[in-house]
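The structure under discussion appears below in the form of structure tokens.
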Amino acid sequence: MEVKTPITQALNDGVLTRQDLKSFMRRSDLPAFRHLAGWIVLLAATTALVHATLGTPWLWPAMFLHGIVVVHHFALQHECCHYTVFRTRWLNDVFGTICGLIIAIPHQYFRYEHCDHHTHTQLKGRDPELIELPISVWKYMWYITAIPYWRSNIGGMFARALGRISDADKTFLPKEAHATVIAEARAYVAVYALILAGSVATGSTAALWYWIVPSLLGQPVMRAIRMTEHVGRPNIADMRENTRTNLTNAFVRFLCWNMNYHAEHHYAASVPFHALPRLHRKLKGYVHVEPGGYIGAHREILRQLTGRTPRADLRAEAGE
Amino acid sequence: MNDASGARQRVWQDLIAVADLEKGDVTPVSLGARELAVYDGVEGITVSHARCTHGAANLCDGYFDGRRIECPLHQGLFDARTGAVLAAPARLPLRMVEARVQDGMVQVRL
């Protein structure tokens, strides 16, 4: 059986050699700890900002900024689910789980879901993380509010905690993993219940101002960023077409652990975050790059929604 | 090769020269229609079928740390010495191939 994974495809096409690939895949704990140190400083700074503005009208913009950092724990969790942050494999599980608790995405569950996302990237009915190209500008804005996201994410976690595995989840969760993800959802819910009980018992509102409200305010930013990875690209298997890399500034690259190099990541998911800029230079001209970055990607999506450019999802229906 | 009873006899066959292996890494080698992965591990050379038992990706494109091979597609993990599954989403062990080194040549018995 010949299976062409993106990396095999890229090697066959001669855009990178095995030596290149092996050099990009080299693991090290050092860049991760360096990045993590900067991350903790940034998180401490935005936490201090929220603290300094408590009781003032500046609290809301401060929580919004802090929330943007909080929701970007997703970027670290995502990288951990590929075991590419730390060379020491178990550290990826530990930090992935911590991030998962912060943003309410159970890590083992996410890992299974994300595996199928990499197998069936952007294929309707098969990619469990597929974000459909909205049918209208209103639907686009509705998605960005993050309301549908929270409903499905929190609702799913509670359903699993109650022992229910949905039909959609069964498409990517093998039977052997059902008990694991149910136990994991219960553990997450128990941690949240403990935090709630502790907050009520001590009369503390810290969780609300430093975590929950910032998460609600910041999640639309994460939704907007997640949209740029595949939305508006054709629903076809060709990795050169179905995924978008967004060029952005050094601060945002830091914040998203280089996940703006998304097409490169899909080509070689075993390449650590710190090597993605080098892989990007190697794959130049081979993958789809949005030079206008996240804003450029949204302009493109909106052009499709308003009929100024043909909808990318019609290409698959046209049999391309 | 078949014996007198018609049963297929397993014989040692040359696979690749040790000098041609990717040092300390995993090397892809074809033997007829078979795609094999040759691991130059810290405890010696071992050989398995190259396809991941989970997503059928080519393990030779994965990350090898001297003992464990990680699938390049989903990062499932196998023990490259025994084929045992070490981490999900892999569930089935790797198919290992009996191997030895003879006169600077990696040989397999299939």
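As the structure is a prediction and not an experimental result, all values here were calculated from the model. First the proteins, then the strands, lettered A, B, ... as listed; each starts at 1.
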Engaged part of [X] at the chain A interface, taking heavy atoms whose separation is under 4.5 Å:
X: B:Ala33; answer: neither
X: B:Cys71; answer: backbone
X: B:Asp25; answer: side chain

State whether the number of non-hydrogen atoms from other residues, nucleotides or ligands found under 6.0 Å of B:Arg100 atom CZ is greater than 12.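 Yes, because the 6.0 Å sphere around CZ of B:Arg100 holds more than 12 heavy atoms from other groups.
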
Do any of residues 256-285 of chain A have a heavy atom less than 4.5 Å from a heavy atom of chain B, and if so, which, in residue order?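 When heavy atoms of chain B are the reference, residues 256-285 of chain A contributes A:Ala269, A:Ser270 within the under-4.5 Å range.
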
Any side-chain to backbone donor/acceptor pair from A:Arg186 onto A:Ala161? Under 3.5 Å, distance only. yes

With sequence neighbours excluded, residues passing ring pair (Phe, Tyr, Trp, His ring centres under 6.0 Å) with A:Phe172: A:Tyr109

Output field: ring centroids A:Phe158/A:Tyr188 closer than 6.0 Å: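 A:Phe158 vs A:Tyr188: aromatic centres not under 6.0 Å.
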
Is there any ring-ring contact (aromatic ring centres under 6.0 Å, His included) pair reaching into residues 67-110 of chain B, and which pairs are they, with sequence neighbours excluded? B:His54-B:His74

Where on A:Arg111 is there a heavy atom nearer than 4.5 Å to chain B: the side chain, the backbone, both, or neither? side chain

Is any NZ, NE, NH1 or NH2 atom of the basic residue among A:Lys22 and B:Glu22 found under 4.0 Å from an Asp or Glu carboxylate oxygen of the other?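 Answer for the salt bridge query: no.
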
Interface residue of largest heavy-atom contact number with chain A, from B:Gly76, B:Ala87, B:Cys60, under 4.5 Å: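 Sorted descending by pairs with chain A, the first entry is B:Cys60.
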
Mind ranking A:Gln19, A:Arg87, A:Arg89, A:Glu176 by heavy-atom pairs under 4.5 Å with chain B and telling me who comes out on top? A:Arg89

Kindly state each residue pair satisfying salt bridge (Lys or Arg N to Asp or Glu O under 4.0 Å) with at least one member in residues 93-103 of chain A, sequence neighbours excluded.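 Listed by first then second residue: nothing to list.
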
Would B:Gln107 and B:Asp14 satisfy side chain to side chain donor-acceptor pair (under 3.5 Å), going step by step from the backbone distance to the final call? CA-CA 4 Å; B:Gln107 295 183 327; B:Asp14 285 347; 2.8 Å; yes

Please work out whether the ring planes of A:Phe33 and A:Phe86 are parallel, tilted or perpendicular, with thresholds of 30° and 60°.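 Tilted, since the angle between the ring planes falls between 30° and 60°.
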
